[in-house]
Amino acid sequence: RLHIRLMNEWSPQPYRAPSLAITTTYQFTDPATGKAGTFDVVRRLSLESPDTLIVRTDRAGALGGPPSSTRVVYKRAM
């Protein structure tokens, strides 16, 4: 069983319009070896327009797995 805990959450640079990047570092223990490791998740929030927020999430691969990305668009209801 993989045990994951939040290690650190930070923004590597001040907000620069039109986006904000937030990096979260997670610490885990490899169940096969007992060794500790870390992986990062980076969320980028940007306004495409005053009514549209885009959230892109990039996850580094852990334990040799592939990295992944998702993109979600939120639109204000009128």
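Only heavy atoms go into these numbers, but all of them, side chains included; no hydrogens, no water, no symmetry mates.
Under the 4.5 Å side-chain criterion, counting only non-hydrogen atoms from C-beta, Thr52 is not in contact with Leu47. Side-chain atoms of Arg43 and Thr24, non-hydrogen and from C-beta on, do get closer than 4.5 Å to each other.
To the nearest 0.5 Å, the span separating CZ on Arg76 from OG on Ser49 amounts to 8.5 Å. Here OG of Ser46 is found 7.0 Å from CG of Leu53. Values are rounded to the nearest 0.5 Å. Atom CZ of Phe28 is separated from atom OG1 of Thr38 by 7.0 Å, given to the nearest 0.5 angstrom.
In summary, the side chains of Asp40 and Thr23 do not present any donor paired with an acceptor at a separation below 3.5 Å, with no hydrogens or angles considered.
In terms of hydrophobic clustering, with Ile, Leu, Val, Met, Phe, Trp and Tyr side chains grouped at heavy-atom distances under 4.5 Å, Leu20 and Ile54 are assigned to different clusters. Criterion: ILVMFWY side-chain heavy atoms under 4.5 Å apart, direct or through other members. Under it, Val73 and Ile22 are not part of a common hydrophobic cluster.
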Inset, instruction - For salt bridge (charged side-chain N to carboxylate O under 4.0 Å, His left out), just list the numbers for Asp58 and Arg44, CA-CA rounded to whole Å, side-chain angles, deciding distance to a tenth of an Å, and then say yes or no. - result: CA-CA 9 Å; Asp58 297 314; Arg44 290 178 181 84; 2.6 Å; yes
Inset, instruction - Apply the test side chain to side chain contact (heavy atoms under 4.5 Å, CB included) to residues Arg56 and Thr70: give CA-CA distance (whole Å), side-chain angles for both, the deciding distance (0.1 Å), then the verdict. - result: CA-CA 6 Å; Arg56 180 187 170 116; Thr70 57; over 6 Å; no
